[in-house]
Participant: 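My questions all concern the structure below.
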Amino acid sequence: MLDKNGIAKRIAREVRDGYYVNLGIGIPTLVANYIPEGMNVVLQSENGLLGIGPFPFEGDENPDLINAGKQTITTTPGSSFFDSAMSFGMIRAGKVDLTILGAMEVSENGDIANWKIPGKMVKGMGGAMDLVASAKNIVVAMQHVNKAGESKLLPQCSLPLTGVGCVKKIVTELAVLDVLPEGGFKLLERAPGVSVETIQQATAGKLLIEGDIPEMNLD
Amino acid sequence: MNKVVASAQEAIADIHDGAVLMLGGFGLCGIPEHCIAALVEKGVKNLTCISNNAGVDDFGIGLMLQKRQVKKMISSYVGENAEFERQLLSGELEVELIPQGTLATRCMAAGYGMPAIFTPAGVGTEVAEGKETRIFNGKEYLLEYAFDADFAIVKAWKGDTMGNLIFKETARNFNPMMAMAGKITIAEVEELVPAGTLDPDHIHTPGIYVHRIFQGNHFEKRIEQRTLRQRP
């Protein structure tokens, strides 16, 4: 079973040289720590920056320079600033190669819910609805089950949707799964030490298992 | 062409009860903190505020929420504000949550003189309920209308006496398109300089969009999530 950093490390393997990548809040933010040395990747922050750098050292923090999670950040060489309309313009126009975000639920046809629990939690969708409506390549980073032990990979989402039929891949503490265009979660990899049976028990939606499922390679 | 006013109080003097305001900023970054303080001091009520976020409990628009000055918020993300969430769940505050890109683009449309835009954000979700849709190249889009705001209140890094504005780093965010979208646009700046001082090639918002400008005397610029890395 993976911890949050393990999930981030596995997702970093989806990143390719030359990609522009948008990282959501939470586990996705950690992915930046595992992008291999020497790989040229530009991180987009939807509040108006291409080229997110590491967090600043104490004393270097700048209130005018934050990421979409409102955390203080730095920039990388070659970075650029722009306004929010242009930021979502580049997202809508499909310029961002990979979007990694968290989710409360994903359905077997690729629907995602991550912005609202009616009557309990109403934080808002932020940029997530824009991202999932336009991104070509959406990877979800999340826990396989919720705090109550219920599967978050479902036949249908029970929470209000963020987007429809958009999630391509899911990485959890247990597994890597593709969401098939015809519907269903296809099991690709198991987390170290996790059995196929454990993944089956934790997946409420249709799970497709073909042949031997390899363990993730995280080296 | 001199747009300069003496203070935040003078800049917002004619903002009336029930006005529709746009307020620039993302989180607490690039917010018009002097005008917000002046609005709190003035005590104007029943406001509709279009702003990406609603501040935190004791800063930004959160200060206006504490004094129950806001009737309705139009925002994309309100997660950092307990008072906001309380007023929302109790029904005291009307809230319209909309996708962030839709928010930005509805401001942009107003500033560009376009009545509406089409966006895929929210298709198939509750955001789409009751909205006109149209298919382009096989993909469904929502019709979203340009905002109609009485006042836009923005914060810039530098400005000149003609209202030309330059923003800094990610404090730019919603400020340029909100500046373009208000019937009356008020800009507070860190440094106000004589017209002709700024390089015309560096202007982000041309002064034609700005009606009133003043220099704030001290910006607190509170940091919401101070996140650091260890020195090696």
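Naming: A, B, ... by sequence-line order, numbering from 1 per chain. Every heavy atom of this structure was used, including side-chain atoms; hydrogens, water molecules and symmetry mates were not.
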Participant: Is the shortest side-chain N to carboxylate O distance from D97(A) to R16(A) below 4.0 Å?
Facilitator: no
Participant: Side chain, backbone, both or neither: which part of N67(A) has a non-hydrogen atom closer than 4.5 Å to chain B?
Facilitator: backbone
Participant: Name the option with the most non-hydrogen atom pairs under 4.5 Å to chain B; the candidates are G126(A), A68(A), S45(A).
Facilitator: G126(A)
Participant: Are E96(B) and K72(B) ion-paired here, with the side-chain N under 4.0 Å from a carboxylate O?
Facilitator: yes
Participant: So, are K169(A) and E14(A) salt-bridged, with charged N and O less than 4.0 Å apart?
Facilitator: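 Answer for the salt bridge query: yes.
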Participant: Residue by residue, which of residues 217-232 of chain B have a heavy atom closer than 4.5 Å to a heavy atom belonging to chain A?
Facilitator: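 Only K221(B), I223(B), E224(B), Q225(B), R226(B), T227(B), L228(B), R229(B), Q230(B), R231(B), P232(B) of residues 217-232 of chain B have a heavy atom under 4.5 Å from chain A.
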Participant: Hey, is K183(B) close enough to D150(B) for a salt bridge, meaning N to O under 4.0 Å?
Facilitator: yes
Participant: Against chain B, work out which of G165(A), G124(A), S134(A), G163(A) has the most heavy-atom pairs shorter than 4.5 Å and name it.
Facilitator: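 Answer, by heavy-atom pair count under 4.5 Å with chain B: G124(A).
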Participant: Work out which heavy atom in M177(B) is nearest to a heavy atom in C107(B); give both atom names and the distance.
Facilitator: CG-CB, 3.5 Å
Participant: Please look at S75(B) and chain A and tell me whether the side chain, the backbone, both or neither of the residue comes under 4.5 angstrom of a heavy atom of that chain.
Facilitator: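 It is neither, since no heavy atom gets under 4.5 Å.
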Participant: Pick from T170(B), V95(B), L89(B): which one has the most heavy-atom pairs with chain A under 4.5 Å?
Facilitator: T170(B)
Participant: May I ask you to check whether E105(A) and S158(A) show a side-chain donor-acceptor distance below 3.5 Å?
Facilitator: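 On atom types as modelled, these side chains qualify, holding a pair under 3.5 Å.
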Participant: Using a cut-off of under 4.5 Å for heavy-atom pairs, which of V164(A), D64(A), I66(A) has the most such pairs with chain B?
Facilitator: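 That would be D64(A).
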Participant: If you count heavy-atom pairs under 4.5 Å between each of P99(B), A171(B), G30(B), G124(B) and chain A, which one has the most?
Facilitator: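 Highest number of heavy-atom pairs under 4.5 Å: P99(B).
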Participant: Taking the six-membered ring for Trp, are F26(B) and F174(B) parallel (under 30°), tilted (30 to 60°) or perpendicular (over 60°)?
Facilitator: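 Rings of F26(B) and F174(B): parallel, as their planes differ by under 30°.
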Participant: With side chain to side chain contact (heavy atoms under 4.5 Å, CB included) as the test, pick out the partner of W157(B) among E169(B), H204(B), E190(B).
Facilitator: E190(B)
Participant: As a test of understanding, state which of L23(B), V154(B), N173(B) forms a side chain to side chain contact (heavy atoms under 4.5 Å, CB included) with M178(B).
Facilitator: V154(B)
Participant: For the residue pair T105(B) and R92(A), what are the closest heavy atoms and their distance?
Facilitator: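 For T105(B) versus R92(A), the nearest heavy atoms are OG1-NH2, 2.7 Å.
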Participant: Please classify the contact between N53(B) and chain A as side chain, backbone, both or neither, with a heavy-atom cut-off of under 4.5 Å.
Facilitator: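 Looking at N53(B), just its side chain touches chain A.
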Participant: Please look at L103(B) and chain A and tell me whether the side chain, the backbone, both or neither of the residue comes under 4.5 angstrom of a heavy atom of that chain.
Facilitator: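 Interface part for L103(B): neither.
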Participant: Count the heavy atoms of every other residue, nucleotide or ligand shown that sit under 6.0 Å from CD of Q156(A), and state whether that count exceeds 12.
Facilitator: no
Participant: Given side-chain hydrogen bond (donor to acceptor under 3.5 Å, both in side chains), test Y19(A) with N40(A) step by step and report yes or no.
Facilitator: CA-CA 7 Å; Y19(A) 266 17; N40(A) 284 305; over 6 Å; no
Participant: Output the option from G48(A), G59(A), S87(A), P54(A) having the highest count of non-hydrogen pairs under 4.5 Å with chain B.
Facilitator: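 Winner by heavy-atom pair count: P54(A).
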Participant: Scan the side chains in residues 136-145 of chain A for donor-acceptor partners under 3.5 Å anywhere in the protein, sequence neighbours excluded, and list what turns up.
Facilitator:
| unit_1 | atom_1 | unit_2 | atom_2 | d |
| --- | --- | --- | --- | --- |
| K136(A) | NZ | G94(A) | O | 2.9 |
| H144(A) | ND1 | T172(A) | OG1 | 2.8 |
| H144(A) | NE2 | T203(A) | OG1 | 2.8 |

Participant: If you count heavy-atom pairs under 4.5 Å with chain A, which of A121(B), S76(B), A104(B), C29(B) comes out on top?
Facilitator: S76(B)
Participant: Taking side chain as everything from C-beta outward and backbone as N, CA, C, O, which of these in F81(A) sits under 4.5 Å from a heavy atom of chain B? Side chain, backbone, both or neither.
Facilitator: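 Contact with chain B is through both the backbone and side chain of F81(A).
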Participant: Side chain, backbone, both or neither: which part of V78(B) has a non-hydrogen atom closer than 4.5 Å to chain A?
Facilitator: both
Participant: Name the member of I73(A), I91(A), N62(A) that forms the most heavy-atom pairs with chain B at distances under 4.5 Å.
Facilitator: N62(A)
